[in-house]
Chemist: 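Submitted below is the structure of interest, expressed as structure tokens.
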Amino acid sequence: MLDIKLIREQPDLVRGRLAARGAGDESRVDELLGLDEQRRKLLAEVEGLKAQRNRVSKEIGALMGRKQFTEADARKQETRDLGDQITELDRQAAAAETARNELLLRLPNLPHPTVAVGASAADNPLVRTWGEKPAFDFTPKSHIDLCEHLKLIDFARGAKLSGSGFLLYTNWGARLERALINFLLDLHTREHGYTEVSPPYVVSRDCMVGVGQFPKFADQAYAVREGEDNTTLGSLYLLPTAEAPVANIHREEILAAKQLPIRYCAYSPCFRAEAGAAGVGTRGMIRVHQFDKVELIKIVEPEQGYAELERLVANAETVLQLLGLHYKVIQLCTGDMGFASAKTYDIEVWAPGQGQYLEVSSCSNCEDYQARRMNLRYKTETGENRFPHILNGSGTALARLFVALVETHQQPDGTVLVPPALRPYLGAERITTA
RNA sequence: GGAGAGAUGGCUGAGUGGCCUAAAGCGCAGGUUUGCUAAACCUGUGAAGGAGCAAUCCUUCCGAGGGUUCGAAUCCCUCUCUCUCCGCCA
């Protein structure tokens, strides 16, 4: 969340940065400042009364010690009324604080000054491209046709098991998926300096709040419960991304400066309800309710945040380069950026069978926005506690990578040539119907 | 799921209603002494919030949330987590 002190001291700056997102959040700043003002006023009042009560209680203790019970009783009578006032003012102060915090949790991060101002995806500047669209001397097939022909995915039975948007990978399809996961984890741990972790696939509400998924996007998550017990519903949620558990690993801790930077890499399946997205690209595996992803998370000193973001993007790009896939890197404009992010690069890979680019990675620096939400700090050499920058990036999302891979490397005979980097993992040079 | 024991500062651990403003030790930082290292001694060492130009002062925090009381680390209730044993289970 945003620093309340920044909002107090530079409300115009905050309003301006929020306005750049185009979501209208700047209109809530005055409401927030009102609640904050109210809270501080009540706090000053109630703390004065508490100080008074503490003084009198101490005197009562001294009187009791000297066995001056009549005196003590008189003072007790005096403070009873004080206690009632404190209870009431405490309640009001807590209510103002709760309202203030609720509002704070619903305000998005401020875009970094270097982020292009724009309204939608159409305004996202192109940063760079790598490779070229492959030329085919035949009409390239869609991954749907390739998957059915090569029996990589059984779309019909996947839907039978769990509904549309769930995939049943079969035979070489399943092996390709597993090969990609291992390839990605090995690449990032061996070549890019990340530490592998394997998190729980369900997380608490606090973790979802910590990364900014909740409360605003709660309808996108799958909630789980124990058995038929409805009272447990809403305490645990299926991961929308491994960012949810991994970024929260050190929540509510104070790290030592020398522990930073921390770089984690994790595979997990990702579950997204995609509420309200029905009918949008529902066929195939481009938008599904469950997909695999290898996620990269960094916790770094603020001074390193943006240099680390560039490296994060480069780490994700390496994946596509090694797999021989054409892609472009774009920067998300203020109107297209995610809730928690201050600056985001997306990587879009070319899918010849679709005739379009698919988003396979989103790399963001959330600055201290998430660290505040999860109360994660680090202690500097001088003993000061600061919020670190937290970054996340996909390295990369698998279903779409799978699509780009089979569509790009498909052959005239309907087989798929496996890129050399992946061959040791798959144990085959070519995927055929055999 | 059943039974029992626990949760106190960075760590260990004392504290059973008011000198708790949380003992003591360890660790850490600074200092003194000292050929070096080490040791000894001295001093300091949690977090959040609020008031103030500032020095400084105030409030809250002993797993979490309620309650009793003039006053709670301490008494009562609920919950969470950890450990031990039993049962079930991949």
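Protein chains get the first letters and strands the later ones, always in sequence-line order, with residue 1 at the start of each.
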Chemist: Which part of the nucleic acid, if any, lies within contact of A:Arg205, taking any heavy atom under 4.0 Å across all strands shown: a base, the sugar-phosphate backbone alone, or nothing?
Modeler: nothing
Chemist: Let's see if you can work this out: which of B:G71, B:U21, B:A47 has an atom nearest to the side-chain heavy atoms of A:Ile254?
Modeler: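 That would be B:A47.
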Chemist: Wobble G-U and Watson-Crick pairs count when both distances are under 3.5 Å; given that, what is the 5' to 3' dot-bracket string of RNA chain B, with | for pairing to other strands?
Modeler: ((((((((.[[[..)..(.....]]]((((((.......))))))((((((....)))))).[[[[[..)....]]]]])))))))....
Chemist: For B:C61 and B:G66, measure between their P atoms and round to the nearest Å.
Modeler: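 To the nearest whole Å, 11 Å.
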Chemist: Given atom NZ of A:Lys76 and atom P of B:G18, what is their separation to the nearest angstrom?
Modeler: 13 Å
Chemist: Taking only the P atom of each, what is the distance from B:A48 to B:G87 in whole angstrom?
Modeler: 48 Å
Chemist: Can any side-chain N or O of A:Asn109 pair as donor or acceptor with the backbone N or O of A:Tyr369 at less than 3.5 Å?
Modeler: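 Not confirmed, A:Asn109 side chain does not pair with A:Tyr369 backbone.
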Chemist: For A:Asp336 versus A:Ser120, what's the shortest heavy-atom pair and its separation?
Modeler: CB-C, 4.2 Å
Chemist: For atom C1', what is the distance between B:A72 and B:G65, given to the nearest Å?
Modeler: 15 Å
Chemist: So, do A:Phe387 and A:Glu367 sit near enough that their side-chain heavy atoms are less than 4.5 Å apart?
Modeler: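 No; the side chains remain at least 4.5 Å from each other.
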Chemist: In whole Å, what separates the P atom of B:A73 from that of B:A64?
Modeler: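 Here B:A73 and B:A64 have their P atoms 12 Å from each other.
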Chemist: What residue among A:His112, A:His389, A:Lys343 forms side-chain contact (heavy atoms from CB on, under 4.5 Å) with A:Leu309?
Modeler: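 Checked A:His112, A:His389, A:Lys343 against A:Leu309; only one passes side-chain contact (heavy atoms from CB on, under 4.5 Å): A:Lys343.
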Chemist: Roughly how many Å apart are B:G18 and B:A24, using the C1' atom of each and rounding to a whole number?
Modeler: 23 Å
Chemist: Between B:U68 atom P and A:Asp84 atom CG, what is the distance in whole Å?
Modeler: 10 Å
Chemist: Can you label the angle between the A:Phe217 ring and the A:Phe339 ring as parallel, tilted or perpendicular, going by 30° and 60°?
Modeler: perpendicular
Chemist: In whole angstrom, give me the gap between the P atoms of B:U8 and B:G50.
Modeler: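 Between the two P atoms, the distance is 28 Å.
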Chemist: In terms of side-chain heavy atoms of A:Arg53, which of B:C70, B:A48, B:G50 is nearest?
Modeler: B:C70
Chemist: Would you kindly give the CZ-to-C1' distance between A:Arg91 and B:G67, to the nearest whole Å?
Modeler: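 Taking atom C1' of B:G67 as the reference, CZ of A:Arg91 is at 17 Å.
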Chemist: Which part of the nucleic acid does A:Ser57 contact within heavy-atom distance under 4.0 Å: base, sugar-phosphate only, or nothing?
Modeler: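 A:Ser57: base contact, heavy atoms under 4.0 Å.
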Chemist: Taking CD from A:Glu9 and P from B:G50, how many angstroms apart are they, rounded to a whole number?
Modeler: 11 Å
Chemist: Below the 4.0 Å mark, does B:G10 have OP1 or OP2 next to a side-chain nitrogen or oxygen of A:Lys379?
Modeler: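 No, A:Lys379 has no side-chain N/O under 4.0 Å of OP1/OP2 on B:G10.
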Chemist: Would you mind telling me which of B:U21, B:G18, B:G49 lies closest to the side-chain atoms of A:Lys58?
Modeler: B:U21
Chemist: Could you give the distance separating B:A90 and B:U80 at their C1' atoms, to the nearest angstrom?
Modeler: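 Taking atom C1' in both B:U80 and B:A90, they lie 26 Å apart.
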Chemist: Using a 4.0 Å cut-off on heavy atoms, which residues in residues 28-45 of chain A reach RNA chain B? List them by number, or say none.
Modeler: A:Arg39, A:Arg40, A:Leu43
Chemist: Whether A:Arg91 and A:Glu88 form a salt bridge (side-chain N of Lys/Arg under 4.0 Å from carboxylate O of Asp/Glu) is what I want to check.
Modeler: yes
Chemist: Rounding to an integer number of Å, can you tell me how far A:Lys50 NZ sits from B:A72 C1'?
Modeler: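 Roughly 14 Å, once rounded to whole Å.
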Chemist: Reckon A:Asn385 has a side-chain N or O less than 4.0 Å from the OP1 or OP2 of B:A47?
Modeler: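 Indeed, a polar side-chain atom of A:Asn385 lies that close.
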Chemist: Could you say whether A:Ala62 or A:Asn375 is positioned toward the 5' end of RNA chain B, judged by the nucleotide with the nearest heavy atom to each?
Modeler: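 Closer to the 5' end of RNA chain B: A:Ala62.
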Chemist: State, without any angle test, whether A:Tyr264 and A:Glu295 hold a side-chain donor-acceptor pair at a distance under 3.5 Å.
Modeler: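 No, A:Glu295 and A:Tyr264 have no side-chain donor paired with an acceptor closer than 3.5 Å.
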Chemist: Got a salt bridge between A:Glu308 and A:Arg311, using NZ or NE/NH1/NH2 to carboxylate O under 4.0 Å?
Modeler: yes
Chemist: For the residue pair A:Arg106 and A:Asp25, what are the closest heavy atoms and their distance?
Modeler: O-OD1, 4.3 Å
Chemist: Could you tell me how far apart A:Lys5 (NZ) and B:G50 (P) are, to the nearest whole angstrom?
Modeler: 6 Å
Chemist: In this structure, how many angstroms lie between the P atom of B:G49 and the CG atom of A:Leu104, rounded?
Modeler: 12 Å
Chemist: Measure across A:Met208 and A:Ala244 and return the closest heavy-atom pair with its distance rounded to 0.1 Å.
Modeler: SD-CB, 4.3 Å
Chemist: Let me know the distance between CZ of A:Arg55 and C1' of B:C58, rounded to the nearest Å.
Modeler: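 Between C1' of B:C58 and CZ of A:Arg55: 9 Å.
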Chemist: Is any side-chain nitrogen or oxygen of A:Arg75 closer than 4.0 Å to OP1 or OP2 of B:C70?
Modeler: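 So the side-chain polar atoms of A:Arg75 never come under 4.0 Å of the phosphate oxygens OP1 or OP2 of B:C70.
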Chemist: At their closest point, which heavy atom of A:Ile86 faces which heavy atom of A:Val46, and how far apart are they?
Modeler: O-CG2, 3.9 Å
Chemist: Write down the distance separating the C1' atoms in B:G15 and B:A7, rounded off to the nearest Å.
Modeler: 15 Å
Chemist: So, is A:Asn54 near the phosphate of B:G18, with a side-chain N or O under 4.0 Å from OP1 or OP2?
Modeler: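 For B:G18, neither OP1 nor OP2 has a side-chain N or O of A:Asn54 closer than 4.0 Å.
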